[in-house]
There are 2 protein chains.
Amino acid sequence: MTGRSDWSSHVHAVLAGAGFRRGGARERVIDLLAGESCALSAVEIEDALRAKGRPTGRASIYRVLELLGEHDLVERVEVGDGVARFEPAHPGGEHHHHLVCDRCGRLVAFDDPGLERAIGRLSDRLGMRVDHHEVVLRGSCETCG
Amino acid sequence: MTGRSDWSSHVHAVLAGAGFRRGGARERVIDLLAGESCALSAVEIEDALRAKGRPTGRASIYRVLELLGEHDLVERVEVGDGVARFEPAHPGGEHHHHLVCDRCGRLVAFDDPGLERAIGRLSDRLGMRVDHHEVVLRGSCETCG
DNA sequence: GCGATAACGAGACTCAATCTCATTTCATGG
DNA sequence: CCATGAAATGAGATTGAGTCTCGTTATCGC
């Protein structure tokens, strides 16, 4: 199992290896993401950092997220409300997908090996290189059920 | 196989059955969608209608798309560029998903029974009602391969 | 036709996301 | 240890998809 601070050091290792300097904004965003389990939007990150007394420029937050995304260090999740959310991407490749509750809007994470296998077989059949996939289910969560 | 004008009459039947009046904007959007195979964004619809000499208000286009969506007459597709796209949803429930080419941005449609079965089994396992699902693959298309 | 009301549309508005550019910070070599 | 050039940052302007308002227009049951 890949832990939280492990992700953080993985991120630092990758970025240092790619020749990037360190910077305050980057550290703050990485710290925050490392400690959050659910996906956060850029605006939520901005608000959370300000609330923690570590205000950070909007442009920097988007820049950091873009950088992390380019290096496959975060996963971008879009559930149809026009807002992009981000969560740590773990090096092993294990990942999960999301169910969006249409009643309360809550985001529920799940994983399913059968689904992953089906997508793997599909990639082979299509004969195209598939680097990434995202599955979004819509329905109602246990609370709203 | 469900044809184009078939979708159009299905839409009219559903809306008439639900007690909606007809209106110019609605007809224009439905006509356009019925004739297009790929998913269109609201802005693309606005531009296409204006180009065809049938200019239609933006608010009306969004209203029509929302109405069609509420009645499962269109499928909303989001591929991560922050723009919602819409395409006719056929009554049988058969649908497809999309691969987005990261090089040229092209949208390629595909369907896969194995994937649908995996999602069906997953819904059962989760024990939550799953009304809808969307799968987006990212990679490179045949042209860019 | 007439009237109630649904449908429409011009344009103001919201807000996530992007862009600009001046300032600050880093890390390297002298 | 500090000068220096590049990278990183951030305040604020800008963009653009999407929403909202409200007065006007069209539909359809009577």
Side-chain angles (χ1 to χ4, degrees), chain A residues 11-32 39-71 73-74 76-86 105 107, chain B residues 11-32 39-71 73-74 76-86 105 107:
Chain A
V11 170
H12 285 121
V14 170
L15 293 183
F20 290 94
R21 291 184 185 168
R22 284 180 171 240
R26 199 128 79 205
E27 299 298 314
R28 293 195 289 276
V29 172
I30 293 170
D31 277 3
L32 182 70
L40 293 178
S41 70
V43 171
E44 285 166 349
I45 291 172
E46 188 177 7
D47 292 345
L49 288 177
R50 188 175 25 249
K52 284 189 172 185
R54 313 176 78 190
T56 301
R58 191 178 319 134
S60 300
I61 292 173
Y62 282 103
R63 260 193 306 254
V64 171
L65 292 173
E66 184 184 3
L67 179 67
L68 295 179
E70 284 167 358
H71 293 264
L73 297 167
V74 289
R76 190 194 197 98
V77 180
E78 315 214 17
V79 297
D81 59 352
V83 180
R85 289 157 205 283
F86 300 84
L107 215 59
Chain B
V11 170
H12 285 122
V14 170
L15 293 183
F20 289 94
R21 294 182 184 170
R22 284 179 172 242
R26 199 128 79 204
E27 299 298 314
R28 293 195 288 276
V29 172
I30 293 170
D31 277 4
L32 182 70
L40 292 178
S41 71
V43 172
E44 285 166 349
I45 291 171
E46 189 178 6
D47 292 345
L49 289 178
R50 190 179 20 252
K52 284 187 172 186
R54 313 177 77 190
T56 302
R58 191 180 317 136
S60 300
I61 292 173
Y62 282 104
R63 261 193 305 255
V64 172
L65 291 173
E66 184 183 3
L67 179 69
L68 295 178
E70 283 167 359
H71 293 264
L73 297 167
V74 288
R76 190 193 196 96
V77 180
E78 315 215 16
V79 297
D81 58 353
V83 181
R85 288 157 205 283
F86 301 84
L107 216 60

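Just so you know, these numbers use all the heavy atoms, side chains as well, and skip hydrogens, waters and symmetry mates.
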Mind calculating the distance between [atom1] ([X]) and [atom2] ([N]) to the nearest angstrom?
X       : N      : atom1 : atom2 : value
B:Leu15 : C:dA7  : CG    : P     : 9 Å
A:Asp47 : C:dC15 : CG    : C1'   : 12 Å
B:Arg63 : C:dG9  : CZ    : P     : 8 Å
B:Arg21 : C:dG3  : CZ    : P     : 15 Å
B:Arg50 : C:dC8  : CZ    : C1'   : 16 Å
A:Leu65 : C:dA17 : CG    : P     : 9 Å
B:Glu66 : C:dC8  : CD    : P     : 13 Å
B:Tyr62 : C:dA12 : OH    : C1'   : 15 Å

Within the structure shown, what part of the strands sits under 4.0 Å from [X] by heavy-atom distance: base, sugar-phosphate, or nothing?
X       : result
A:Ala25 : sugar-phosphate
B:Ser41 : nothing
B:Arg28 : sugar-phosphate
A:Arg58 : base

Check the side chains of A:Ser41 and A:Arg85 for a donor-acceptor pair under 3.5 angstrom, ignoring hydrogens and angles. no
Test side-chain hydrogen bond (donor to acceptor under 3.5 Å, both in side chains) applied to A:Arg54 - qualifying residues, sequence neighbours left out: none
For A:Thr56 and A:Ala25, work out which heavy atoms get closest and say how close. CG2-CB, 3.7 Å
Nearest-nucleotide wise, let me know which of B:Gly23 and B:Arg85 is further upstream toward the 5' end of DNA chain D. B:Arg85
Of B:Arg22 and B:Arg76, the one whose closest DNA chain D nucleotide lies more 5': B:Arg76
Between atom CG of A:Leu49 and atom CZ of A:Arg58, what is the distance when rounded to the nearest 0.5 Å? 13.0 Å
To the nearest 0.5 Å, atom CG of B:Leu32 lies from atom CD of B:Glu44 at 10.0 Å
Could you tell me whether the side chain of A:Ile30 reaches within less than 4.5 Å of the side chain of A:His12, counting heavy atoms only? yes
Any side-chain heavy atom of B:Val43 sitting closer than 4.5 Å to one from B:Ile61? no
So the contacted stretch of DNA chain D, first to last nucleotide with an atom under 4.0 Å from a non-hydrogen atom of chain B, runs from D:dA17 to D:dC28
Presence of B:Arg26 side-chain N/O under 4.0 Å of C:dA7 phosphate oxygens OP1/OP2: yes
Note every stem involving DNA chain D: at least three consecutive Watson-Crick or G-U wobble pairs, i with j then i+1 with j-1, with both distances under 3.5 Å. C:1-30 with D:1-30
Okay, side chain of B:Arg26, backbone of B:Arg21: is any donor-acceptor separation there less than 3.5 Å? yes
Does the pair B:Arg28 and B:Asp31 meet the rule for a salt bridge (Lys or Arg N to Asp or Glu O under 4.0 Å), with working shown? CA-CA 5 Å; B:Arg28 293 195 288 276; B:Asp31 277 4; over 6 Å; no
Step through it carefully: locate the ring centre of A:Phe20, locate the ring centre of A:His71, and say whether they are under 6.0 Å apart. yes
